[in-house]
Amino acid sequence: MTMIPYQPNFAILWGLLHLATKLIYLMVSLSSKETWIDFGNKIDEIQSRLDILEKCAACFAEHGESHEMSRAILAVFVSLVNFWVEAVNWNREQKHGFHFSKLNKKFEAAIAKVKEAVENVTKLLDIALKKKGGQDLLQNIELAQENIKFPLFVLPRAASQLFYGREEAINALESILSLDPDSGKLNSILLYGMGGVGKTSIALQYAYQKPSPYDAVFWVRSETSESLHKSFTEFAVSLKLPGVRPEGQDELNLLYFRNWLRTQAARGVKGRKWLMIFDNCENIDMINDAQVLSTSGAVIITSRHSSACLSDTHKYHVKPFGSDDGLSLLKRFLPEKVLTLKEEECLKNLLKKIDGLPIGIRVLAASINSRTCSLLEYPEFFLKHSRKLLTNVDLPEDYDKPNRSAKGHILDQVWLVSFGSLRIGAKPLLGMMSFLAPDVILPSLFKLDAIQINLNGSESSIISICEDEFELHVAMEELIKAALIDKNKATDNDTLVLSIHRLVQEAFLYNCGDNDRQEYFDASVQIVYEAFPHQINGRPFFNEWIKCKAAIQHGVSLVERFLEFQGKRSLKSLRPSPVFGELLKNCAWYKLEVGEHNSSLAILEVARKACMDKSSELYAHLLNTEGCCYFEKNDLQKCREAWEPALKIREAAAKSGSADAMEEYSVQVNNFGNLETAEGHIDEAIKSFSKAEKMRLAMGPTGLTSLGLTHMTSGRAYFEKKDFSEAAKRYDKAEAIFVEKFGARGHFMAHLAYARGNMALEKLEYLTARKFYDHAVGILQEEQSTKFHILVSACYYKIAVLQLKDGLLSSAQKSLAQGRQIAELHGAIGDTARIIRKEAHIFTLKGPEASKEKYESYRQLADLMRARCPGQASGLSYVEDSDIAWDRLVCGYWR
């Protein structure tokens with residue numbers, strides 16, 4: 001008789017399926033995007049079925065036993081293992097071309113068998129539970145979501161009372177998004193059209209007007225990766241998901257939210273129906289399966305680009321209002337609701353000049369309401385003054401088209417009249433807001449005192465408005481009254497926030513003079529610089545992450561605007577100020593600390609070009625941060641290329657005897673010790689650490705934490721040298737400092753415990769090693785911000801190594817699966833490859849019943865991932881297959 005546990009190890013099974021799909025992925029042509037998206041949707045469906053099965057199995061374990069249930073669960077396992085075997089065989093056949101259709105037929109059959117088997121399990125469990133007292137099956141397999149009241153709306157603002165028309169668009173949305181939600185397809189629609197035509201308003205109105213099909217509606221600000229990531233954090237907070245971090249760790253929060261989609265929104269179990277609105281999507285690649293799972297949901301995308309769509313997305317072209325509808329909308333904004341025929345005809349002629357764009361109508365109405373002339377007189381005033389203004393400016397590039405062709409925009413006359421009417425205080429405020437991330441701008445961002453302004457040597461009158469709170473308030477109200485900005489409540493609390501339409505931002509920046517644009521840029525840089533925590537001499541600022549989180553989107557927006565105005569034919573490039581370089585230094589360091597290395601490197605690329613003095617401490621700091629990114633990515637060659645010039649700059653600066661310069665120099669010297677250790681140059685590493693130690697001892701109390709880090713990192717070097725006695729002494733010194741500064745369970749104590757565990761493992765003291773690894777994991781998991789730290793992955797890997805020595809194969813598999821999940825979350829290729837190689841090794845230990853094909857498939861994937869690793873240590877052959885060689889694929893901190 002075949003027996004299986006009622007709570008099978010789903011991580012292992014899913015791992016096999018995941019491995020099979022990764023092998024397929026490596027063979028799929030990148031050009032077959034639609035095929036792969038469809039393939040990914042099928043994977044998500046199988047995953048949702050496994051989630052249901054796991055809950056059923058756990059529930060059944062509490063309510064009785066049944067051999068029939070065992071056989072039903074086994075059928076699910078068999079169906080997936082059969083697919084895994086088919087995938088491996090298919091992969092081997094791909095010598096003469098890619099034939100997805102052959103695999104697809106087998107995959108469809110596998111899905112059908114999984115679906116049938118899972119439904120059989122749920123029926124059996126339902127019967128068993130009813131016999132036990134009539135409990136509802138669905139109540140047992142849904143996740144508990146206490147204290148959340150559905151329907152849940154995470155939307156940017158309340159519905160507008162002035163929304164008009166667009167019945168055809170609303171009906172199109174309702175028709176397309178109400179298609180059979182159980183069809184297995186994700187229903188999606190793209191609203192596209194020129195800027196200011198009302199795409200966002202239509203999507204928002206639909207969310208409020210047609211909420212009945214949905215349990216949750218989520219609004220995703222999609223202009224940049226920063227705004228998108230922040231949106232998913234807001235969703236996780238609104239859902240009150242356990243472990244969510246409002247102040248940071250967006251990737252972790254996305255993981256929690258995605259898990260909610262896979263469970264609460266899973267098909268077949270009365271899952272929560274959701275609507276996700278991706279607003280202002282400029283790059284469709286940002287919307288991927290990490291955000292949009294094929295569960296009980298629908299997607300709306302708004303974009304200026306007709307190509308910004310998913311596979312099978314329906315498209316709806318949003319066009320400007322016609323003459324009659326345009327007039328009806330304009331009348332909603334005017335105090336005179338009843339107009340004469342002559343007044344209506346007069347306004348219709350005026351509306352033709354703005355082509356029926358809703359945003360233009362709204363701004364035009366604000367301008368009309370601010371004038372003392374009559375409705376019949378206003379068109380003459382408008383034409384007269386817009387001509388006057390147009391003669392004083394160069395014809396701007398068309399800021400609303402991707403190709404930026406040199407022709408004017410239809411709304412230029414409206415903008416010029418509106419902008420030209422602004423008071424002296426309102427115009428600079430609008431200029432600063434035009435450089436910031438548009439959706440969430442806190443009014444407090446602009447409140448600076450005279451000391452902050454003078455510290456940065458600003459002589460501009462632009463920034464002076466930030467000194468006077470009353471004048472600042474008046475300027476904000478004027479911009480709101482002119483319909484150039486909006487005031488709303490934040491989605492997660494009652495805080496008032498400002499927002500500005502992207503078209504208004506671009507119109508203002510492209511219509512103002514070069515000198516004015518430069519002053520607005522410098523002023524916006526300064527206010528964001530003051531809001532962002534300042535990085536000092538390489539010291540960590542973990543405690544400042546909440547402030548960083550609020551300001552980083554504006555820092556990224558400034559980078560994007562800076563790049564946008566470089567090399568324009570008719571516009572002068574923006575000049576980077578020293579404060580701009582300092583701001584980017586801080587932004588890049590924050591990105592490094594939260595593990596977003598690619599984002600940090602992108603900021604650093606701009607910062608290094610913007611830094612004019614290549615021998616300055618600022619430039620050295622940028623190079624150091626760049627090297628740290630590459631070190632943690634284990635790209636040691638690029639790390640050295642960044643750190644060597646930084647070391648020369650800081651060595652020269654240290655000769656001045658300045659305390660700050662000496663501290664920065666000690667940072668660089670200590671970093672070189674880490675690099676030499678990672679490359680296996682232990683004697684050189686020890687020399688660097690000894691030098692850094694002397695400098696940090698001379699710094700006194702201010703260098704205490706840095707001294708502790710030097711003791712710990714030099715201890716690693718002595719460990720590599722097999723001088724365990726000296727390594728232990730160094731670790732003891734580091735521990736004394738860390739306990740004094742941060743307590744016995746501070747963050748650095750986890751790193752120290754891992755280092756001690758490695759030494760115990762090398763000395764064959766397995767029980768002691770396990771104790772240290774468990775201790776490190778325990779410290780890191782006490783704080784949600786470090787619960788999925790890459791060091792946790794390294795600890796699970798080492799725990800698995802110890803379990804294998806004790807013959808605990810199943811336990812080792814579980815530990816490796818946990819470690820791999822975290823490594824993949826971080827995109828750590830080397831860490832993942834090392835784990836998969838060890839997973840492959842387990843199959844060789846299971847005896848003849850273990851499939852040789854499984855070992856070969858795992859090993860093939862590990863080797864392929866190894867080939868993609870950027871950092872291979874000096875002197876090690878690529879084909880070397882020892883644990884040491886595979887350890888070299890991992891950042892030196894986590895080996």
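A quick note: this is a predicted structure, and the numbers were derived from the prediction, not measured.
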Practice prompt. For side-chain contact (heavy atoms from CB on, under 4.5 Å), just list the numbers for T200 and W219, CA-CA rounded to whole Å, side-chain angles, deciding distance to a tenth of an Å, and then say yes or no.
Written response: CA-CA 10 Å; T200 296; W219 190 275; 3.6 Å; yes
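- E345 has no carboxylate O lying under 4.0 Å from a charged side-chain N of K342, or vice versa, which leaves the two without a salt bridge.
- Listed for the E506 side chain is no donor-acceptor partner under 3.5 Å among the backbone atoms of L503.
- Side-chain contact between S524 and L558 is present, with at least one heavy-atom pair separated by less than 4.5 Å.
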Discussion item. Between L563 and V606, is the side-chain contact (heavy atoms from CB on, under 4.5 Å) condition met? List the steps.
Written reply: CA-CA 8 Å; L563 292 173; V606 176; 3.9 Å; yes
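- Below 30°, between 30° and 60°, or above 60°: for F235 and F218 the angle between ring planes is between 30° and 60°, a tilted geometry.
- Looking only at side-chain heavy atoms (C-beta outward), F278 and I300 stay at 4.5 Å or farther from each other.
- For the pair I368/L347, a side-chain contact is recorded, criterion being any heavy-atom separation below 4.5 Å from C-beta on.
- If you take CG on L330 and OH on Y164, they are separated by 11.5 Å, rounding to the nearest 0.5 Å.
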Worksheet item: Which is it for H317 and Y192 under the ring-ring contact (aromatic ring centres under 6.0 Å, His included) test, yes or no, and what are the steps along the way?
Response: CA-CA 5 Å; H317 186 191; Y192 72 96; 4.7 Å; yes
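- You'll find the side chain of Y510 reaches within 4.5 Å of the side chain of F565, heavy atoms only.
- Distance OG/S188 to NE2/H314: 7.0 Å, rounded to 0.5 Å.
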Worksheet item: What do the steps show when you test N187 against V299 for side-chain contact (heavy atoms from CB on, under 4.5 Å), and what is the final call?
Response: CA-CA 6 Å; N187 296 328; V299 168; over 6 Å; no
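- Of all the heavy atoms in P320 and M194, the pair that sits closest is CG-SD, 4.4 Å.
- Using a 3.5 Å distance cut-off with no hydrogens or angles, the side chains of D279 and S222 do not pair a donor with an acceptor.
- Side-chain contact between V237 and F232 is absent, with no heavy-atom pair separated by less than 4.5 Å.
- A donor-acceptor contact shorter than 3.5 Å links the side chain of K199 to the backbone of G193.
- Contact of the N280 side chain with the R221 side chain is not registered, since no non-hydrogen atoms from C-beta on lie closer than 4.5 Å.
- Counting only heavy atoms from C-beta outward, the side chains of I441 and I500 approach each other to under 4.5 Å.
- Between E174 and Q209 there is no side-chain heavy-atom pair separated by less than 4.5 Å.
- Note that OG of S231 and CD1 of I277 are 11.5 Å apart. Values are rounded to the nearest 0.5 Å.
- A distance-only check finds no donor-acceptor pair linking the side chain of S557 to the backbone of Q553 [under 3.5 Å].
- The residues R362 and D486 are annotated as salt-bridged, a charged nitrogen and a carboxylate oxygen being separated by less than 4.0 angstrom.
- Partner of L357 under the side chain to side chain contact (heavy atoms under 4.5 Å, CB included) criterion, out of V197, L364, V363, L351: V197 alone.
- A donor-acceptor distance shorter than 3.5 angstrom exists from the side chain of R517 to the backbone of L509, with no hydrogens or angles considered.
- Shown here for R166 and P358, the closest heavy-atom pair between the two residues is NH2-CG, 3.9 Å.
- In this structure, the separation between CD on E344 and CG on D324 is 9.0 Å, given to the nearest 0.5 Å.
- Within the 3.5 Å criterion, the main-chain N or O of L436 finds a donor-acceptor partner in the side chain of Q505.
- Counting all heavy atoms, side chain and backbone alike, N369 lies closest to P335 at OD1-CD, 3.1 Å.
- Counting only distance, with no hydrogens or angles, the side chain of H554 and the backbone of A437 share a donor-acceptor pair below 3.5 Å.
- Between Y214 and Y206, the ring planes are perpendicular. Angles over 60° get that label, and only those under 30° would be called parallel.
- In terms of heavy-atom proximity, I202 sits nearest to V318 at CD1-CG1, 3.7 Å.
- Judged by distance alone, with hydrogens and angles left aside, the side-chain atoms of D325 form no donor-acceptor pair with the main-chain N or O of F321 at under 3.5 Å.
- Under the 4.0 Å criterion applied to side-chain N and carboxylate O atoms, K427 and D516 are not assigned as salt-bridge partners.
- Going from atom NZ of K230 over to atom OG of S227 covers 9.5 Å, rounded to the nearest 0.5 Å.
- Side chain of D215 to backbone of K273: a donor-acceptor contact under 3.5 angstrom is found.
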Item to complete: Test side-chain contact (heavy atoms from CB on, under 4.5 Å) on F435 and F562 and set out the steps.
Response: CA-CA 9 Å; F435 278 105; F562 177 79; over 6 Å; no
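- Annotation for L422 and E478: closest pair CA-OE2, 3.5 Å, computed over non-hydrogen atoms.
- The neighbour count for K487 NZ, taken as heavy atoms of other residues, nucleotides or ligands under 6.0 Å away, does not exceed 12.
- The distance from the OG1 atom of T302 to the CG atom of L190 is 8.5 Å, given to the nearest 0.5 Å.
- In terms of modelled atom types and a separation under 3.5 Å, the side chain of N171 and the main chain of E167 share a donor-acceptor contact.
- E223 approaches P438 most closely through the heavy-atom pair OE2-CG, 4.2 Å.
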